[in-house]
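Hydrogens, waters and symmetry mates play no part in the numbers below; they use all other heavy atoms, side chains included.
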Amino acid sequence: MTATTSENGLRTRLHRLARGSVISAIVLGLAGAGAPGAFAATDAESESSSVDLLVSAGVRGTVAPGAATTASITVQNDSESELSSGRVTVELNRTPLADEAAITTWLDDADAAGGFEQLGADTTAPVDAEASETTSLSLPPEVLGDLAPGVYPLRATLSGAQTDAQDDARSVTSTTVLVVAAAANPPIAVMVPVTATPDDGALLTADELSALTAPDGALTAVVEGVRGTSAILAIDPAIPAAIRVLGSSAPESAREWLRLLDALPNERFALQFGDADATTQAQAGLPGLLQPTTLAPFLNPSNFTEPADETPTPTATPAPTPASLPSEGSVPSEGAEPTPAPTPSDEPTPQPTDGPVLPGDAELTAIEGATPGILWPRSDVSAADLDVFSTYVSNGAVTVLSSSSVGGAVGAHAGVGGRSVLVTAAAASDALSQAAGEDDTAARQQRLAEASAHLSLSSQSNPTTPLLIGLDRDETRTAEALREAVASVDSPGFGLSEVFSVPATTATLSTEQDQSRALALRGMLDSEVVLGDFSSILDDGQVLLSPKRIQIMRATAVGLTEKGFDEAVSDVNVATADTLNAVDIPPASTIQLLSANADLPFSVRNDLPWPVNIQLSVKPSDPRLDVQSVTPWTIQPGTTTRVKVPVSARVGSGEVTLTLSLSSPTGVPISQPESVRVSVRAEWEAIGLGVFGGLIVLLLGLGIIRTIRRRRREAAAENDQETTSDSDAVEEMNE
């Protein structure tokens, strides 16, 4: 099923939830496996109350002709006050619904031809706040009478019950269907997508894998939900790749999940990596399907030094192709010889001869036992797209389409213009997809009854024509919901091989195409070319380009709604712009150059998580400065580094503008040029030296003068002392 079908189903659910008056009603089947078929109606006038009526008859809304059954009635009071007792009646319209459009009209608008007759009634007990009460009505064979196999309108009405928030008691009617089963049912195969989307748009991280493969994780739910069924698995190879690239550091729960997946006997095929949409790629004019550039950047050699696991890693060798898998340009027929697809290349990732042996891309993405040659894109394809698909896949492709794109039910296997297609029953697939995604038992059962009704009508015209169910991409399902949904329609032992063995019926495409996704993809791929040039600043450009390619592929994922697609494309474009702006020259203030020769520091910012190799080019506005024109430098990740550029002043003073630009070692321009003003005052160096020299001379002169004067004072003092001594000696002699 496609995202478009999911959106239609959502609109249908919202429409049904908006129908009704006072009390919301849901019809629930609890007999046997208990499957309802009712739809909620909300009270627009009393938002303070929330009361649900749950009623159904039969098993998943289905009974055998002429058989007795039981109607199970549950009143659930989610309001904050007690719900009084009331009376519930169950009525049947004996005029069968003729087609799927009639089913939709009845379930959505409560509009059906013919009259209703009461099957039974009962008084409901008072229901405490936030509690529920259940009663059962036995319906003997004569109540249903001689109803022929078909789908019949069924409705339930609750009246007389009210809560304290209501002024008076009002009635509400909800609608469902009762399917009287035919004696023989066609075989049914169910395809279950296995997808998981990481938060960052590349590969699932170890933490994400731990959560997804935990006992209550979404991936665990898929394995447990299909165990014991014949469900056909459509597996995104990005999931096993995310586990295998981690090597010994992969969570044990993830490695165990992969072992369990490989051990399942279910038939399987590989989706495109990241569940990328082949239809979008064909409409964008791509010559081949997008692939990751390489997964080598995600490998850490230190995680591959331990001995190999006892469980062998799956190889890329394809499983035997079903006998009717077509060759290019032909529709398979019963007994045709298989044409196996070629084995993908599995060359090991280049590595040092003395390092561990690292797995190659084909080994990382291999799906053990996968049937080759199957594409499951969005269903808005044209005949030209199918022709392109045949060139994408060696020996031709088998395309999975919705019956809504081929003008209605044509069986599980069809041929369109000589191309082989698998056709999923649109309405039944939508209802079963919603059932598989419902945690609430009542809501799940109502979808199962709706699916039974659509399948019943699809098989009326040709009860032996196999049918195919394709569940929507949904990454939030629980094991219980998935298991019940698959088991409700799954034919044991009926899978791809059996579908291919059925002669293909002729079908014609009836789709309208929207080129907006193709245009967006071309834009993203154009930006990837720019990033390829930009990545020349890295030692290994694939550390940037490989995650970017995966992000682009995930942005075209089949399961994305229109809103989700727009958001994914926006994320890709924003991430690209952020990357291109991650390395640049921050604005700088005016630099004062007071020397004739100096190293001027210019800042370069690198917000990338890897070191970058840049060349800083500097061009002066006039010859006042002699500047080193190109300076190579390595900027470490997450830093702003000062790159020193030698300059020489040729004149005394003036203002000079330097134009700074970055480029990769191969000459690819990086970011926008930046201008820096330099105020040259080189004469101040000579003046400064002169002043400094004069000060030194002055200080030396003063020192010399002080020394001479001191010595003169000392000599005079000595002379005075000698004169005094001589006078004293003369006086002594005279005495």
Side-chain angles (χ1 to χ4, degrees), residues 583-606 611-663 673-735:
V583 179
D584 67 2
I585 303 170
S589 57
T590 300
I591 298 175
Q592 299 291 336
L593 180 60
L594 304 179
S595 173
N597 297 282
D599 289 340
L600 295 184
F602 300 106
S603 296
V604 178
R605 178 177 60 90
N606 174 24
V612 299
N613 306 308
I614 57 92
Q615 293 188 139
L616 176 62
S617 298
V618 182
K619 182 179 180 180
S621 58
D622 60 48
R624 249 172 230 162
L625 286 183
D626 186 10
V627 183
Q628 180 172 296
S629 59
V630 178
T631 303
W633 211 273
T634 298
I635 312 299
Q636 295 304 312
T639 64
T640 298
T641 302
R642 291 183 177 273
V643 179
K644 295 182 178 180
V645 179
V647 299
S648 298
R650 294 181 176 179
V651 295
S653 63
E655 296 288 334
V656 179
T657 299
L658 299 181
T659 301
L660 312 179
S661 60
L662 295 178
S663 64
E674 192 72 33
S675 296
V676 177
R677 293 180 61 190
V678 178
S679 180
V680 182
R681 296 292 183 266
E683 72 277 8
W684 287 103
E685 181 181 23
I687 296 173
L689 289 174
V691 172
F692 183 70
L695 289 174
I696 292 176
V697 171
L698 177 61
L699 292 175
L700 288 175
L702 291 174
I704 293 173
I705 293 172
R706 291 181 62 188
T707 300
I708 294 174
R709 293 180 65 184
R710 184 177 68 252
R711 288 181 178 178
R712 286 179 177 179
R713 287 196 300 269
E714 291 175 353
E718 290 178 358
N719 292 334
D720 291 342
Q721 185 176 0
E722 290 177 358
T723 302
T724 302
S725 298
D726 292 341
S727 298
D728 291 343
V730 171
E731 289 178 359
E732 289 178 358
M733 291 178 61
N734 293 331
E735 292 177 356

Next on the checklist: Treating Thr640 as the side-chain partner and Arg605 as the backbone partner, does any N or O pair qualify as donor plus acceptor under 3.5 Å?
Outcome noted: no

Item to check | Side chain proximity check, Glu674 to Pro587, heavy atoms < 4.5 angstrom | outcome: yes

Checklist entry - Below 4.5 Å, heavy atoms only, C-beta onward: do Thr634 and Gln636 meet side chain to side chain? => result yes

Next on the checklist: Working to the nearest 0.5 angstrom, can you tell me the gap between Ile585 CD1 and Ser603 OG?
Outcome noted: 9.5 Å

Checklist entry - Stepwise, does the side chain to side chain contact (heavy atoms under 4.5 Å, CB included) test hold for Val678 with Leu600? => result CA-CA 10 Å; Val678 178; Leu600 295 184; 4.3 Å; yes

Next on the checklist: If I compare all heavy atoms of Val656 with all of Ser621, which pair ends up nearest, and what's the gap?
Outcome noted: CG1-OG, 3.8 Å

Next on the checklist: Are the side chains of Ile591 and Val676 in contact, using a 4.5 Å heavy-atom criterion?
Outcome noted: yes

Checklist entry - Between Gln628 and Val618, which heavy-atom pair has the shortest distance, and what is it? => result O-CB, 4.2 Å

Next on the checklist: How close do Asp622 and Glu655 get, counting heavy atoms only, and between which atoms?
Outcome noted: OD2-O, 4.1 Å

Next on the checklist: Tell me whether Asn606 contacts the main-chain N or O of Ile635 through its side chain, where contact means a donor paired with an acceptor under 3.5 Å.
Outcome noted: yes

Next on the checklist: Measuring only between side-chain heavy atoms, which start at C-beta, is Leu616 closer than 4.5 Å to Trp633?
Outcome noted: no

Item to check | Side-chain heavy atoms of Val645 within contact of Phe602, under 4.5 Å | outcome: yes

